[in-house]
Protein chains: 2
Amino acid sequence: MPTALPRLRADAAANRARILEVAREAFAAEGLDVPMTAIAHRAGLGVATLYRRFPTKEDLVAEAFTEQLDECAGLLDAALADPDPWRAFCWMVTQLCEMQARDRGFSAAFVTASQRTTEFGALRERAERGFAELVRRAQEAGGLRRDFHPADLSLILLANGGVRAGTAELTAAASRRLVAYLLQAFRADGAAPLPRPTAVPLDAALR
Amino acid sequence: MPTALPRLRADAAANRARILEVAREAFAAEGLDVPMTAIAHRAGLGVATLYRRFPTKEDLVAEAFTEQLDECAGLLDAALADPDPWRAFCWMVTQLCEMQARDRGFSAAFVTASQRTTEFGALRERAERGFAELVRRAQEAGGLRRDFHPADLSLILLANGGVRAGTAELTAAASRRLVAYLLQAFRADGAAPLPRPTAVPLDAALR
DNA sequence: GGTCAAGTGGAAGGCACCGTCCGCTTCCGC
DNA sequence: GCGGAAGCGGACGGTGCCTTCCACTTGACC
């Protein structure tokens, strides 16, 4: 932190915290297009207060999601510590996709955030290198097919991000099934059982 | 068609056609959020003219995509005519995903359209039944895994719909790779080669 | 060619959102 | 307590969109 900004007044600090809490909840449930006014109101505050703490919506989004980005970093460390590379790879993909499925704002926030500060950029780069290492090991061990490319992570997240069913539960289930299919496709060999199919109506399917 | 609406004046008919042409192009390239004003202007017309022909944006969208819906129906018929069920299944999935990747508005339009008239609803239902038949045959023949469910079509289209890279070409390539992975996962056995990986930056990946 | 419904364009209405401004209120240090 | 800075809320300006309105033009038919 470059400049030590003056401490907030007690009530202001509490409000700020409440704003973040509400924002995280709202973004997760409804995506990033929740109006600022709505967030402020749900936090029992006026819009001005919100804008005093977070000059733009982007700032709010970035701040609201730092927690999750840290969580991602943690996941990666955990995966890299696993002695079984293929299991680590599967686990990592599963966890990431689960986070994404759980939180509608996650993907969008990731983009917003990583375009903002170099801090996020660095975090992302580190994540990419870590994942590449995970891939290398899993291929070395023979679990992961040779033609899997670390950049396929983008593909996975894009595809998984597209999965949005009616309710959160449906989305989660659909995402799990997709991940199971994908991991099956990523195996160097063999086949594995799948979770039960999720009945998403075609209507809800496309969008 | 319930009532034979009066023939359009020659110029009006031409304008209507040009609107549709422009709209299809715009929706495909930029998605459904192209402003009505922009479409009218690109067709060399005022907004009012557009609204005279298509009372709401939804109407325009629906009309602009009927062609593609018919194309889908055609695909299905072709697939059902193929004597090799597994090949037919793969081909159908590939074609659908390719259409979807080529046209940014496709998915959204499908939803809009199918919620409008019973005509579209019927078309969709027929498509669902046809695809289910395709699935049944492919499983019967032993190419498709037994636990694939017809509703997985939704999952496929959702996932594929999420794939959006920078350019149209990148998107198409990414989509092809995803489809290859998925078809691999759908096989009752074995493994197959993949197209080369597409380097979508993580930034672009998420959204 | 003349008539007039059909067709046309641009301006304006309505709405939802982001972000700002300004007068009032509340906490904190003395 | 009390003064003043920090905090606060709601109204407001700006933008971009869908859609409507209305005065003007144009093509088809007699």
Side-chain angles (χ1 to χ4, degrees), chain A residues 3-23 26-27 29-65 104-105 108-109 111-113 115-116 207, chain B residues 3-24 26-27 29-65 104-105 108-109 111-113 115-116:
Chain A
T3 58
L5 30 149
R7 249 189 313 292
L8 288 178
R9 227 165 65 177
D11 56 343
N15 283 341
R16 192 189 134 95
R18 191 154 66 254
I19 288 172
L20 274 176
E21 188 188 338
V22 167
F27 290 150
E30 300 163 52
L32 253 43
D33 50 357
V34 183
M36 291 294 261
T37 324
I39 293 173
H41 224 71
R42 282 184 223 178
L45 298 167
V47 220
T49 308
L50 203 170
Y51 275 100
R52 170 173 287 266
R53 283 318 141 222
F54 307 95
T56 81
K57 185 168 189 173
E58 215 179 287
D59 290 310
L60 175 60
V61 168
E63 184 89 18
F65 283 91
R104 284 195 53 179
V111 178
T112 309
Q115 283 170 345
R116 281 171 48 79
R207 214 184 56 93
Chain B
T3 59
L5 30 148
R7 249 190 313 292
L8 287 179
R9 229 166 62 180
D11 57 340
N15 284 340
R16 191 189 136 96
R18 193 154 64 253
I19 288 172
L20 274 176
E21 189 187 337
V22 167
R24 269 193 275 263
F27 289 150
E30 300 164 52
L32 254 42
D33 50 357
V34 183
M36 291 292 262
T37 325
I39 292 173
H41 224 70
R42 282 185 224 178
L45 299 168
V47 223
T49 308
L50 203 170
Y51 274 97
R52 171 171 286 265
R53 283 319 141 222
F54 307 95
T56 80
K57 185 169 189 174
E58 214 179 287
D59 290 311
L60 175 60
V61 168
E63 185 89 18
F65 283 91
R104 285 195 53 182
V111 177
T112 309
Q115 282 170 345
R116 281 170 48 79

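Protein chains get the first letters and strands the later ones, always in sequence-line order, with residue 1 at the start of each. Fair warning: this is a prediction, and the values are worked out from it, not measured in the lab. Only this structure's heavy atoms are used, side chains among them; waters, hydrogens and symmetry mates stay out.
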Do Arg24(B) and Glu30(B) meet the salt-bridge criterion of a basic N to acidic O distance under 4.0 Å? no

Nearest-angstrom distance from the residue atom CD1 of Ile19(B) to P of dG7(C): 12 Å

Separation of dG19(C) atom P from Leu60(A) atom CG, nearest Å, is 10 Å

Find the distance His41(B):NE2 to dC18(D):P and express it as a whole number of Å. 15 Å

Start at the 5' end of DNA chain D and walk down; is the nucleotide closest to Thr37(B) or to Ala10(B) reached first? Thr37(B)

Start at the 5' end of DNA chain D and walk down; is the nucleotide closest to Ala48(B) or to Lys57(B) reached first? Lys57(B)

Under-3.5 Å donor-acceptor pair between Arg9(B) side chain and dA6(C) base: yes

Quick check for you: to the nearest 0.5 Å, what is the distance between Phe54(A) atom CZ and Ile19(A) atom CD1? 5.5 Å

Within the pair Thr49(B) and dG7(C), is there a side-chain N or O less than 4.0 Å away from OP1 or OP2? no

How many whole angstroms separate atom CZ of Arg52(B) from atom P of dA6(C)? 9 Å

Please check the phosphate of dG7(C) (OP1 and OP2 only) for any side-chain N or O of Arg53(B) closer than 4.0 Å. yes

Of Asn15(B) and Val34(A), whose nearest nucleotide on DNA chain C comes first from the 5' end? Asn15(B)

Expressed as a whole number of angstroms, how long is the span from Glu30(B):CD to dC17(D):P? 11 Å

State whether Tyr51(A) places a side-chain N or O below 4.0 Å from either non-bridging phosphate oxygen (OP1 or OP2) of dG19(C). yes

Length of the line joining Asp59(A):CG and dC18(C):P, which is rounded to integer Å: 14 Å

Heavy atoms only, 4.0 Å cut-off, all strands: where does Arg16(A) land among base, sugar-phosphate and nothing? nothing

Could you give the distance from CG (Leu60(B)) to CE (Met36(B)), rounded to the nearest 0.5 Å? 5.0 Å

Would you mind telling me which residue lines up with the more 5' stretch of DNA chain C, Val47(A) or Asp33(A), judged by nearest nucleotide? Asp33(A)

Report the distance from atom CZ of Phe54(A) to atom C1' of dG7(D), rounded to the nearest whole Å. 15 Å

If you check the Leu8(A) side chain, which of dG7(D), dT20(D), dG19(C) turns out closest? dG7(D)

Quick test of your reading of the model: are Lys57(A) and Glu63(A) salt-bridged, counting only N-O distances below 4.0 Å? no

Examine distances only and state if a side-chain atom of Arg18(B) and a backbone atom of Ala43(B) form a donor-acceptor pair shorter than 3.5 Å. yes

Rounded to whole Å, the CG-C1' distance (Asp11(B) to dG9(C)) equals 14 Å

